[in-house]
Amino acid sequence: MLLGFQSQFVFDSPPPVFMDDTNSLIEQRKAKLAALRAKGIDPFKNKFTPTETCRHAREQYTEGREVALAGRITAHRDMGKSMFLDIRDQSGRMQIYAQKNVLGDEQFAIFQHLDLADFIGVKGTMFTTKTNEISVKITSFVILAKALRPPPAKWHGLEDTEIRYRQRYLDLMASKAAAPGTSTTGFEKGSPGDVLLLRSEIIREIRNFMHARGFVEVETPMMQAIPGGAAAQPFVTKHNALGCNFYLRIALELYLKRLLVGGVDKVFEIGRVFRNEGLSRKHNPEFTMLEAYEAYGDYESMMELVQGLVCHVAQKVLGTLTIVHERRASVFSVISSREQTMREINQQLRSLPKFELLAEELGKITEQLSEICHSHNQQPAWEIAKASNTPWDAYVGKFCEGMKCKETRPDGIEEKFNKAHVVKAFEWIDLCQKKEINLTPPWRRVKYKDLVREWCSDKAEVDDWFALSPQERRNIAVGHLGLGGDIAKDFEDFEVTNAVFGKYIEPTLIQPTFVTHLPKELVPLAKLTNVKPGDSDYEDLKDTVEVFECCINGQEIAPAYTEQNDPIAQRERLEHQAGGEQQKLDEDFLVALEHGMPPAGGMGMGIDRLCMMLLGQESIRDVILFPQLKPK
RNA sequence: GCCUCGGUAGCUCAAUUGGCAGAGCAGUUGACUCUUAAUCAAUUGGUUUGGGGUUCAAGUCCCCACCGGGGCACCA
């Protein structure tokens with residue numbers, strides 16, 4: 001495993017101290033552990049070899065077949081002199097049946113005192129119970145690992161988002177199994193386990209696709225003396241022996257282009273990049289990028305590549321090109337975020353007079369909100385309600401008033417809703433807008449200017465946005481469109497237009513769309529569009545570059561360029577970007593370009609955002625196993 | 001960094017607006033040899049995230065800190 005673990009680490013802050021949060025449950029488990037050891041039983045076995053997985057055993061069922069299975073205990077039902085117990089491995093669940101007269105008094109007593117979350121190995125024969133469940137009648141068992149801490153609640157699962165992210169293993173443990181035949185992963189759709197396995201398949205299919213197209217996969221430095229290829233703040237780290245600082249890479253670009261210079265014509269890398277910026281639903285400080293470069297290609301060949309890649313992955317992993325984000329649910333189920341329980345409540349609602357009014361009220365509010373959303377071009381409902389004349393407090397107040405009614409859940413708990421639930425509910429409504437994304441090619445291609453024109457004539461009643469004077473554009477954007485807060489006084493004209501694009505237009509691009517020919521100022525490292533005076537579209541294209549931004553699900557998924565290969569033009573751009581700080585210039589990269597780089601198309605794709613889109617997850621933290629959180 | 005909502009038993013949640021901190025699950029004990037959210041009976045479990053303040057009395061009101069969600073800003 002880890003060799004040379006003796007090396008000296010120097011921490012700026014003391015190493016983390018683990019909370020000694022002992023409680024009676026942990027104490028009891030430790031006592032059981034000690035009791036087992038006192039009997040000469042080692043509850044942490046080195047090896048037990050199952051003959052197969054739980055799923056395999058179920059699929060290859062024959063009455064009386066002998067099997068050895070291993071897994072974690074997820075439930076037990078004690079019947080006195082016999083006992084049922086569920087074990088689970090990655091493949092699925094298996095019911096175990098133990099009988100006192102088979103195991104003997106002593107063994108059975110030990111079996112009865114096993115805890116949820118312990119790992120055991122069992123040997124026995126397969127049979128089917130009266131209620132038609134395939135099970136294993138055991139003849140012997142061994143304890144493979146004793147769990148000293150209790151697992152998450154078996155029914156509710158884990159609701160605490162902080163624990164879900166910090167202790168992902170608990171989140172995975174609580175992942176619900178899907179009903180047989182409804183899922184390829186064996187987990188309920190959208191559950192942490194499901195997302196984990198599908199993400200793995202997505203990345204495998206990306207590799208398959210790129211390799212099939214003749215691209216070579218490489219690995220380039222993550223620690224760089226000069227972080228380049230994007231405009232982002234880097235993380236700094238220190239190399240002791242070399243006595244210098246390194247930066248964690250913010251992009252893959254400059255090293256992959258060096259490989260183009262060296263003669264690797266089709267090259268790609270999938271890897272982590274690090275950006276020292278704020279965190280949000282769409283941003284994690286470290287995230288996974290795919291970048292690909294193709295000599296003799298351009299932005300148009302990259303369009304074909306991106307479209308082909310995403311369709312290939314969707315088809316292979318999901319078996320469809322139609323992606324439905326169907327997490328939109330009734331306000332009630334959203335409020336509780338325990339859908340199963342709430343579904344029943346919804347059914348009950350109609351028969352309970354005191355809820356009739358409330359349900360009606362909720363329906364009206366939901367309707368109103370979706371109307372408002374629609375007329376405001378799908379701005380978040382939460383924001384709109386806050387900003388509009390709608391008495392938001394009255395909404396919440398009314399809600400809470402209604403919610404004062406208690407009701408009894410199927411598990412016997414009296415539940416009441418409070419203001420926090422309601423606020424959360426509305427935030428969730430924003431996240432749960434039902435979406436259907438159709439990836440069937442060919443995807444729409446539209447020039448940036450045409451898209452802005454189209455939207456402005458449709459929504460802002462401006463015939464031709466670009467026929468206006470810069471001052472008129474600014475006035476409309478700040479006034480009629482309400483972008484005052486997003487447009488600084490010193491913004492240039494193209495930035496005003498881009499604010500409109502970013503705030504209002506990009507979020508509407510749910511269906512896959514290539515937005516092409518952006519103004520050159522927005523993308524300084526791409527090549528100018530090749531048009532001459534006299535060409536019919538000269539006016540529209542003269543100050544644009546050969547690029548596209550591929551938007552799906554209202555987010556930018558992949559930008560691509562016809563890459564700049566003129567070393568002199570590139571130097572000017574980088575110097576301009578570096579703002580006169582010579583130490584930020586990657587001289588080696590510029591020297592490489594001077595040796596000649598073939599014309600090429602290049603693209604970058606945010607893998608995390610791709611996963612969000614394909615897997616219907618609304619937060620990047622749900623497609624990254626261990627998202628970055630502030631240390632405790 | 002700013003705005004906003006939140007943090008109560010191992011887990012999921014209550015606490016009638018400032019009046020003895022409660023329930024289900026699981027845990028423990030007991031009954032039960034085909035149960036499956038097993039059931040039935042009894043029972044343990046709390047520095048209410050931490051610190052200060054107001055009050056006869058604070059989970060609840062005020063201030064500060066910590067952590068998280070959402071939004072904004074930064075950033076493609």
Side-chain angles (χ1 to χ4, degrees), chain A residues 21-29 31-32 74-86 93 95 97-102 108 113 115-117 127-133 135 137 149-166 170 174 230-233 250-251 275-283 285 336-338 340-341 380 382-383 386 396 404 406 408-424 426-428 430-431 485-486 498 502 506 522-523 549 551 555-559 604 606 609 618-619 621 629-632:
Chain A
D21 55 347
T22 53
N23 59 49
S24 62
L25 295 180
I26 295 175
E27 289 309 316
Q28 280 168 2
R29 282 170 181 253
K32 286 182 181 177
T74 56
H76 60 49
R77 294 171 288 279
D78 190 346
M79 301 291 298
K81 295 188 182 63
S82 75
M83 188 167 179
F84 288 96
L85 183 145
D86 293 346
R93 187 186 74 99
Q95 178 167 267
Y97 185 50
Q99 293 157 292
K100 195 171 189 173
N101 61 2
V102 175
F108 190 73
H113 286 89
D115 285 311
L116 292 181
F127 76 110
T128 308
T129 64
K130 272 205 302 216
T131 47
N132 224 14
E133 171 150 356
S135 307
K137 192 177 291 185
R149 288 170 185 266
K154 65 176 175 185
W155 185 247
H156 289 298
L158 201 53
E159 298 283 343
D160 187 320
T161 46
E162 187 173 350
I163 296 178
R164 286 189 47 223
Y165 297 147
R166 283 193 198 277
L170 295 180
Q233 287 297 311
I250 55 173
R275 297 189 179 177
N276 207 338
E277 295 154 5
L279 289 69
S280 80
R281 211 155 50 75
K282 294 178 185 169
H283 299 85
S336 80
S337 75
R338 283 185 303 276
Q340 235 163 338
T341 316
W382 170 245
E383 286 298 309
K386 259 199 306 194
V396 176
K404 291 266 181 183
K406 290 183 182 175
T408 308
R409 291 198 322 228
D411 55 8
I413 306 172
E414 284 214 326
E415 189 164 34
K416 186 182 141 177
F417 302 102
N418 60 28
K419 186 175 169 180
H421 288 129
V422 179
V423 169
K424 207 172 185 178
F426 278 96
E427 290 175 352
W428 270 87
D430 293 338
L431 303 181
D486 300 290
N498 203 46
E506 189 179 290
L522 283 175
V523 192
E549 293 198 344
C551 295
Q555 283 190 45
E556 185 200 349
I557 294 275
R609 288 185 180 179
E618 306 298 339
S619 169
R621 297 187 190 98
L629 298 179
K630 198 161 178 172
K632 276 258 183 186

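First the proteins, then the strands, lettered A, B, ... as listed; each starts at 1.
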L158(A) atom CG is separated from G7(B) atom P, nearest whole Å, by 17 Å
Mark yes or no for a side-chain to base donor-acceptor pair under 3.5 Å between E133(A) and U35(B), with no hydrogen or angle criteria applied. no
Separation of C2(B) atom P from L279(A) atom CG, nearest Å, is 16 Å
Quick note, Q99(A) side chain, CB onward, closest among G10(B), U12(B), U33(B) is U33(B)
Would you say that R281(A) contacts E618(A) through its side chain, given a criterion of any heavy-atom pair below 4.5 Å between the two side chains?
yes
Expected label for U17(B) (glycosidic angle, syn inside 90° of 0, else anti) would be syn
- Nearest-Å distance once atom P is located in both G68(B) and A57(B): 35 Å
Sorted by chain and residue number, the ring-ring contact (aromatic ring centres under 6.0 Å, His included) partners of Y165(A) (sequence neighbours excluded) come out as none
note: Q233(A), atom CD; A73(B), atom C1'; distance rounded to Å ~ 14 Å
Original post:
How far does the P atom of C20(B) sit from the matching atom of U33(B), given to the nearest Å?
Top reply: 45 Å
Inset, instruction - Give a yes or no on whether a donor-acceptor pair under 3.5 Å exists between the nucleobase atoms of U33(B), that is its base, and the side chain of N101(A). - result: yes
Indicate, yes or no, whether a donor-acceptor pair under 3.5 Å links the base of U35(B) to the side chain of Y97(A).
-> no
**Prompt:** Mind checking the C1' distance from G45(B) to U8(B)? Whole angstroms is fine.
**Reply:** 14 Å
Do R93(A) and E133(A) sit within salt-bridge range, that is, some charged N less than 4.0 Å from a carboxylate O? yes
| query | OP1 or OP2 of G69(B) sitting under 4.0 Å from any side-chain N/O of R164(A)? | reply | no
Stems field, RNA chain B, Watson-Crick or wobble, 3.5 Å, at least 3 pairs, by first number, holds B:1-7 with B:66-72, B:10-13 with B:22-25, B:27-31 with B:39-43, B:49-53 with B:61-65
| said: Between T129(A) and Q95(A), is the side chain to side chain contact (heavy atoms under 4.5 Å, CB included) condition met? List the steps. | reply: CA-CA 10 Å; T129(A) 64; Q95(A) 178 167 267; 3.7 Å; yes
Notebook entry, point to check: Phosphate oxygens OP1/OP2 of G69(B): is one of them under 4.0 Å from a side-chain N or O of R166(A)?
Noted result: no
Just the atom pairs and distances: protein N or O near nucleotides 27-32 of chain B's N or O, under 3.5 Å.
from, atom 1, to, atom 2, distance (Å)
G27(B), OP1, H76(A), NE2, 3.2
G27(B), O2', Q28(A), OE1, 2.1
G27(B), O2', Q28(A), NE2, 3.4
U28(B), OP1, K32(A), NZ, 2.4
C32(B), N4, G80(A), N, 3.4

Ranking A38(B), C74(B), G68(B) by distance to the side chain of R77(A), first place goes to A38(B)
Q. With rounding to whole Å, what would you report as the distance between G46(B) and A41(B) at their P atoms?
A. 25 Å
query: When you compare A14(B) with C25(B), how far apart are their C1' atoms, in angstrom units rounded to a whole number?
result: 15 Å
Closest of C75(B), G10(B), U12(B) to the A232(A) side chain is C75(B)
Open item on the list: Does C67(B) have its OP1 or OP2 closer than 4.0 Å to a side-chain nitrogen or oxygen of K630(A)?
Closed with: yes
**Report entry** Polar side-chain atom of R275(A) near backbone of I250(A) as donor-acceptor pair, under 3.5 Å
**Finding:** yes
Exactly one candidate in K32(A), Q28(A), H76(A) meets side chain to side chain donor-acceptor pair (under 3.5 Å) with D115(A); the answer is K32(A)
Separation of C75(B) atom P from I250(A) atom CD1, nearest Å, is 12 Å
Requested in this report: Considering only atom P, compute the distance from C61(B) to A23(B) and round it to an integer number of Å.
Outcome: 24 Å
Report task. Please state whether the phosphate of G71(B), meaning OP1 or OP2, lies under 4.0 angstrom from any side-chain nitrogen or oxygen of R281(A). Result -> yes
| query | Quantified in whole Å, what is the C1' atom distance between nucleotide G53(B) and nucleotide C13(B)? | reply | 30 Å
**Q.** Integer angstrom distance from the C1' of G50(B) to that of C67(B)
**A.** 11 Å
